[in-house]
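Have a look at the structure below, then the notes.
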Amino acid sequence: MTNSNPESQEARTVSNFLRDQMAEDVLAKKYGDAIVQTRFPPEPNGYLHIGHAKAICIDFGLADEFGGRTNLRFDDTNPEKEEQEYVDSIMTDVRWLGFKWDRLCYASDYFGQLYEWALQLVKAGKAYVDDLTADEIRQYRGTLTEPGKDSPYRNRSVEENLGLFLRMKSGEFPDGSRVLRAKIDMTSPNLNMRDPVMYRILHASHHRTGDDWCIYPMYDFAHGQSDSIENVTHSMCTLEFADHQPLYRWYIEQLGIFPSQQIEFDRLNLTYTLLSKRKLLQLVQEGRVSGWDDPRMPTLSGIRRRGFTPEALRAFCASIGASRTNGTTDIEVLEHFQRDDLNRRATRAMAVLNPLKLVIDNYPEGQEELFEVVNNPEDPAAGVRQVPFSRIVYIEQDDFREVPPPKYFRLSPGKEVRLRAAYFITANSVLKDADGNVVEVHCTYDPASRGGNSPDGRKVKSTLHWVSDAHAVSAEIRLYDKLFTKADPNDYAEGESFLSNLNPDSLTVLTGAKLEPSLANAKLGDRFQFERVGYFCLDRDSTEGKLVFNRTLSLKDSWAKIEKKAGS
RNA sequence: UGGGCGAUCGUCUAAUGGUAGGACAGUGCCCUUUGGAGGCACUUGUCUAGGUUCGAAUCCUAGUCGCCCAGCCA
């Protein structure tokens with residue numbers, strides 16, 4: 001159930017086959033008067049990423065639309081990979097995205113019931129204990145094109161199977177020595193039906209059940225039944241599980257339990273983004289990024305630290321919908337929804353990332369003025385603030401060119417521009433260092449243009465942001481770019497790996513930025529638009545004496561586009 | 001060479017036998033005290049070949065291409 005967010009635009013929800021199916025089932029009373037019940041079933045073996053956000057929006061969002069409920073269920077049947085740290089982060093991320101689960105469940109809550117059901121199948125002659133090694137099981141399974149062969153242990157008596165399974169459970173056998181398998185069909189064209197393993201022996205401590213068990217159910221023997229136990233009506237999962245659906249149904253039918261329905265949809269893929277838990281883990285473990293919440297990571301914690309908002313993520317997910325087509329969504333779409341959200345909500349401020357000193361020669365020395373600036377032109381309710389001005393201000397190095405290229409509207413010798421909300425100024429001369437770099441620009445201002453107005457109707461082609469030298473606060477600015485240089489990070493040459501597609505310039509740290517004084521009061525979670533530059537948020541690395549801002553996204557920059565075109 | 005699933009603008013996604021539409025990206029113009037935002041316009045698509053039908057993206061047949069499956073992972 002979402003906290004539908006009023007200030008987020010009604011994220012045009014696209015029709016999709018999942019919603020259609022649900023509507024049809026509700027109308028046909030497929031489950032009688034029972035409510036729509038869904039679940040979000042992550043395995044706690046890693047951090048959630050943007051791909052999970054799509055699944056979360058589908059699981060929670062759709063149930064909510066039909067007045068149903070959603071459980072958060074940890075699919076924790078493999079104690080060797082799962083940890084409490086991941087459970088905690090997943091709960092944090094789901095809540096942050098704006099969803100509230102009905103019940104908090106764990107597959108491990110059902111270990112007792114699952115064991116009873118395994119016993120039931122053994123007694124019915126539908127399951128048997130196999131002594132084959134893992135290697136032998138693989139050989140007996142056959143291949144994609146050849147049928148498998150029956151295990152020599154397949155026809156053990158019910159009594160023998162019962163005895164053996166009991167002893168498996170009581171810990172008499174070492175890991176890997178035996179498994180419990182369903183007796184289905186070794187010649188099935190669907191490999192999942194070739195006597196799938198139901199239980200394996202694992203003398204491992206489980207993050208919740210400790211050492212209570214030394215046998216653990218496989219995904220296939222746990223997921224459908226867990227859905228059934230929770231009366232899940234629509235069990236949405238990704239496409240790669242489609243081949244498992246016959247088995248999902250087989251267990252439910254053999255056991256005669258609530259018939260949950262599995263429905264598959266396409267996984268999210270994004271350009272320039274890796275969404276594989278294994279590879280993300282590798283990036284973290286090898287120190288290629290600073291951690292799971294590195295702002296360049298596609299994890300929800302990384303995205304959050306970067307400054308992305310749950311509202312934007314939800315709008316993005318609503319817009320991409322769901323289908324059964326494998327595709328790759330342009331990262332631009334995500335960025336569009338984030339800019340759209342931030343444009344409407346972010347407080348504006350002026351910050352100069354790469355300062356260039358601008359001296360206003362005819363402005364009285366020692367004089368100060370306060371100019372009133374709107375906090376957000378998109379939102380009058382955001383009010384205004386006072387920004388101090390004085391004789392020496394900083395402007396962006398990019399905003400001055402001694403020799404302006406064509407179509408360059410910013411400051412250059414002899415040109416007049418507006419300092420936002422302050423005055424019109426005209427550049428006169430420059431000071432250079434020994435290397436010939438411009439280090440100081442001298443200009444004159446027009447007192448009649450106070451407030452940035454043009455009393456005589458005179459136009460300037462450009463408005464620059466600025467920060468008063470005497471009042472500036474310093475900050476570290478972290479500029480993030482794509483983590484990978486290729487749209488498909490997995491497109492690498494022979495003998496290389498996805499690591500060779502890592503973008504060496506994905507992080508640029510600026511230490512000399514000058515900010516308007518109001519930014520000294522920024523709090524964690526505040527979001528700003530640094531005018532003409534981009535969207536920024538305070539990073540948690542900030543300390544009392546040191547501000548650190550993350551760039552969430554740059555603003556769309558049509559000058560950069562002109563420059564690029566001219567250059568190519 | 002088995003089985004499952006899929007194929008609609010560059011990308012993602014609608015149209016459920018009846019005008020192929022939207023979003024992102026792109027291009028041009030307008031507007032602008034953010035070269036931001038906004039507005040207007042434009043461009044581009046039903047995998048192929050047959051068939052059914054008054055009418056097909058949709059139904060049928062045959063191809064082609066793509067993804068997934070041979071963990072005691074999920």
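Just so we're on the same page: letters track the sequence lines, and every chain starts at 1. Remember, it's a predicted structure, so these values are computed and weren't measured experimentally.
Proximity note for Gln529(A) (side chain, C-beta onward) versus G36(B), C73(B), C67(B): the nearest is G36(B). Comparing A70(B), G6(B), C72(B) against the side chain of Arg324(A) picks out G6(B) as the nearest. The side chain of Ile562(A) has G35(B) as its nearest neighbour among A70(B), A74(B), G35(B). Among A25(B), A74(B), G10(B), the nucleotide with an atom closest to any side-chain atom of Arg200(A) is A74(B). Out of U33(B), G26(B), C73(B), the shortest distance to the side chain of Glu43(A) is found at C73(B). Here G36(B) is the nucleotide among G71(B), U27(B), G36(B) with the atom lying nearest to any side-chain atom of Asn343(A). Distances were taken from every side-chain heavy atom of Ser558(A) (C-beta onward) to each of G35(B), C12(B), U27(B); the shortest belongs to G35(B). Nearest to the side-chain atoms of Asp266(A) among the listed nucleotides U13(B), A25(B), C72(B) stands U13(B). Set against A23(B), C72(B), A25(B), the side chain of Phe337(A) has A23(B) as its closest nucleotide. Here the side chain of Arg420(A) is nearest to one of U34(B), G2(B), G71(B), namely U34(B).
Of the side-chain N and O atoms in Arg141(A), none sit less than 4.0 angstrom from OP1 or OP2 of C69(B). An OP1 or OP2 oxygen of U13(B) is reached within less than 4.0 angstrom by a side-chain nitrogen or oxygen of Ser323(A). For Lys556(A) and C24(B), the shortest distance from a side-chain N or O to OP1 or OP2 is not below 4.0 Å.
No hydrogens or angles were tested; on distance alone, a donor-acceptor pair under 3.5 Å links the side chain of Glu378(A) to the base of G36(B). Judged by distance alone, with hydrogens and angles left aside, Asp243(A) brings a side-chain donor or acceptor within reach of the base of G3(B), the pair sitting under 3.5 Å. Judged by distance alone, with hydrogens and angles left aside, Arg339(A) brings no side-chain donor or acceptor close enough to the base of G36(B) to form a pair under 3.5 Å.
Between Tyr153(A) and Tyr128(A), a ring centre-to-centre spacing not shorter than 6.0 Å is recorded.
When both distances must be under 3.5 Å, the Watson-Crick or G-U wobble mate of C59(B) is G51(B). Remark: A7(B) base-pairs with U64(B); criterion is Watson-Crick or G-U wobble with both hydrogen-bond distances under 3.5 Å. If you check G38(B) for Watson-Crick or wobble pairing at under 3.5 angstrom, you find it paired to C30(B). Across all strands shown, G2(B) forms a Watson-Crick or G-U wobble pair with C69(B), both key distances being under 3.5 Å.
No engagement by Leu334(A) is indicated, since no non-hydrogen atom pair under 4.0 Å with the nucleic acid exists. Within 4.0 Å (heavy atoms only), Asn453(A) reaches at least one base atom of the nucleic acid. Looking at heavy-atom distances under 4.0 Å, Ser454(A) makes no contact with the nucleic acid at all. Using a 4.0 Å heavy-atom distance criterion, Asn16(A) is classed as a sugar-phosphate-only contact. Ala322(A) comes within contact range of the sugar-phosphate backbone alone, with a heavy-atom separation under 4.0 Å but no base atom that close. Residue Thr271(A) is classed as having no contact, given no heavy-atom separation below 4.0 Å to the nucleic acid. Residue contacts for Met350(A): at a heavy-atom cut-off of 4.0 Å it reaches no nucleic acid atom on any strand shown. Among the protein residues, Leu239(A) comes within range of no part of the nucleic acid, since none of its heavy atoms lies under 4.0 Å from any strand. Counting any heavy atom pair closer than 4.0 Å across all strands shown, His336(A) reaches sugar-phosphate atoms only and no base atom. Note on Tyr199(A): nothing from the nucleic acid sits closer than 4.0 angstrom, heavy atoms only. Counting any heavy atom pair closer than 4.0 Å across all strands shown, Gly327(A) reaches sugar-phosphate atoms only and no base atom. Note on Pro147(A): nothing from the nucleic acid sits closer than 4.0 angstrom, heavy atoms only.
For the atom pair CZ of Arg73(A) and CD1 of Ile229(A), the computed distance is 8.5 Å after rounding to the nearest 0.5 Å.
The minimum heavy-atom distance linking His207(A) with Pro44(A) is given by the pair NE2-CG, 4.3 Å.
A syn orientation is assigned to G71(B), its glycosidic angle lying within 90° of 0.
Distance noted for atom P between G39(B) and G22(B): 15 Å (whole Å).
When the shell of 6.0 Å around CZ of Arg156(A) is examined, it contains more than 12 heavy atoms from other residues, nucleotides or ligands. Within 6.0 Å of the NZ atom in Lys126(A), the count of heavy atoms belonging to other residues, nucleotides or ligands does not exceed 12. Heavy atoms of other residues, nucleotides or ligands lying less than 6.0 angstrom from NZ of Lys183(A) number more than 12.
Annotation: cation-pi pair Arg208(A)/Tyr106(A) present, NZ/CZ under 6.0 Å from the ring centroid and within 45° of its normal.
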